[in-house]
Protein chains: 2
Amino acid sequence: MPVSAKGGRYHHGDLPAALVDAAIELIAERGVRGFSVAEASRRLGVSAAAPYRHFADRDDLLAAVAVRGLQVFAAMIAAEVDDAKDPSQRLAAMTRAYVRFAAQERPLFETIFRAGVDKSRYPELQRAWEPVDVLLDVVHEICVGDAAAADALALALEATAHGYAVMLLEDEPEAGPQEIAAAADRAAAATLAMIAGRAALSAPSHETPSHETPSRETLG
Amino acid sequence: MPVSAKGGRYHHGDLPAALVDAAIELIAERGVRGFSVAEASRRLGVSAAAPYRHFADRDDLLAAVAVRGLQVFAAMIAAEVDDAKDPSQRLAAMTRAYVRFAAQERPLFETIFRAGVDKSRYPELQRAWEPVDVLLDVVHEICVGDAAAADALALALEATAHGYAVMLLEDEPEAGPQEIAAAADRAAAATLAMIAGRAALSAPSHETPSHETPSRETLG
DNA sequence: GTCTATATCCCGATAGAC
DNA sequence: GTCTATCGGGATATAGAC
């Protein structure tokens, strides 16, 4: 820890970065909900006021964590995808990375998807998604010349990956490497299944009778 | 509002139920995170202490909301599924209901899936899942005599439905009936696609090279 | 079963000194 | 850029009266 030459008080070389790290640890232990700027400060041994020199408010710090998370996310996906040959295998690899990221970098996943940060307030956050989105463009190699089909497939695969990831975190919060790998493989298999059955994505769902569904009141 | 005959102080006929309702409204407005027992009391015009006669703590009340939510959830699914003929159509209908539930009963969905209530603490909460799980047994009519395949398919469909639901809430928090119906239809189509491609679910995913993935540190 | 009152704790954020 | 001090607010939960 660097110490200011002028007085006895110490400085962080980079308090903003230290705060992001502390936030991640804190979120890992208590969840996004249990995170507070005050506690992060305490852990770094700085005053509760210090963070506000660098982040406008709590959300501002969370947004920085999310940006950081998306960088890791994109890197994990890219690494996993790298050597896969055909488009389907690349997409399956993406899903595998998606699930792994959720499990291995849980606090980052939580911050990105559950912190409730208003994206429109943080353009850098929107920009941080781009590298991920680009990787999804592989779908066009599968649905050649049919942009609508490609979009539908991309959405379906995103939903599937996200679903497996979220369900893993909910059902097995303490999953070890073994379980994580197994879940990632199942998700990857589901990706291939979805691709195989993709013809049904564009087909009309044949009836939408618009039932009346029971409301809360009718069940009292 | 019923008033006690004895004094000037009023009672609720059913404060526990009133608290659950108030909680739902509050969660609808501010999300689970913004919910507090104190605010719910305030809205009902009772003291902040009153709820603790009926619920041990905040989580206890949230668990009650979740149970309520699961009843509605099961009812919505059952109603949508009712008249569908073949298993695939029934499963597609379930997915449609799943997504609709998330969008139309957002606070209940949030409470069930995001409130972070410790299920093991609330057996009634586990029991409330059963009616939903039973409906998923339709998969056995598709994967006849192959229990493993049926389980894999059930998981895949659950993940898909959940993924579409969560993504809808994240991407279009203000979705109207139109958008909701469209999203539900896309999810239903994805269900049919997954079923169509289900052969790939049991197939080995052919390679699991276990890359080294970049860690947080290497990106600093 | 509900109220009043209270104890205890924590948080976000700001002002002003150094 | 960080600190001290502080304001203002809200939460959970308990004790004891009615």
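Note on naming: letters A, B, ... go to the chains in the order of the sequence lines (proteins, then strands), and numbering restarts at 1 for each one.
- What you find for B/V32 and B/R58 is that their closest heavy atoms are O-NH2, 3.2 Å.
- Listed candidates were C/dC3, D/dC3, D/dT12. Nearest to the side chain of B/A49 is C/dC3.
- When each of D/dA11, C/dA13, D/dG1 is scored by its nearest atom to the side-chain atoms of B/S36, the top-ranked nucleotide is D/dA11.
- As a whole-Å value, the separation of A/E39 CD from C/dC9 C1' is 13 Å.
- Distance CZ (B/R42) to P (C/dT2): 18 Å, rounded to an integer number of Å.
- Of the candidates C/dT2, C/dG12, D/dC3, C/dG12 carries the atom nearest the A/R58 side chain, counting heavy atoms from C-beta on.
- B/L61 places its CG atom 10 Å from the P atom of D/dT12, with the value rounded to the nearest Å.
- As rounded to whole Å, 13 Å separates atom P of C/dC10 from atom CZ of A/R43.
- At whole-Å resolution of the value, OH in A/Y52 and P in D/dA5 are 19 Å apart.
- Between B/E29 and B/R43 there is a salt bridge, since a side-chain N of the basic residue sits under 4.0 Å from a carboxylate O of the acidic one.
- Heavy-atom distances to DNA chain C give each of A/D57 and B/H54 a nearest nucleotide, and the one nearer the 5′ end belongs to B/H54.
- Contact check, A/R53 against C/dA15: no side-chain N or O comes under 4.0 Å of OP1 or OP2.
- The existence of a salt bridge linking A/R127 and A/E130 is excluded, since no basic side-chain nitrogen approaches an acidic carboxylate oxygen closer than 4.0 Å.
- Between the CG atom of B/L62 and the C1' atom of D/dA11 there is a distance of 14 Å, given to the nearest Å.
- With salt bridges taken as basic N to acidic carboxylate O contacts below 4.0 Å, one links A/D57 and A/R121.
- Atom CZ of B/R106 has more than 12 heavy atoms from other residues, nucleotides or ligands within 6.0 Å.
- Mapping A/R30 and B/A48 onto DNA chain C via the closest heavy atom, the residue that lands nearer the 5' end is B/A48.
- The side chain of A/S47 approaches D/dT4 more closely than any other nucleotide in the set C/dT4, D/dT4, D/dA11.
- In this structure, the CG atom of B/L15 is 9 Å from the C1' atom of C/dG1, given to the nearest Å.
- Whole-Å rounding puts the A/R33 CZ to C/dC10 P distance at 15 Å.
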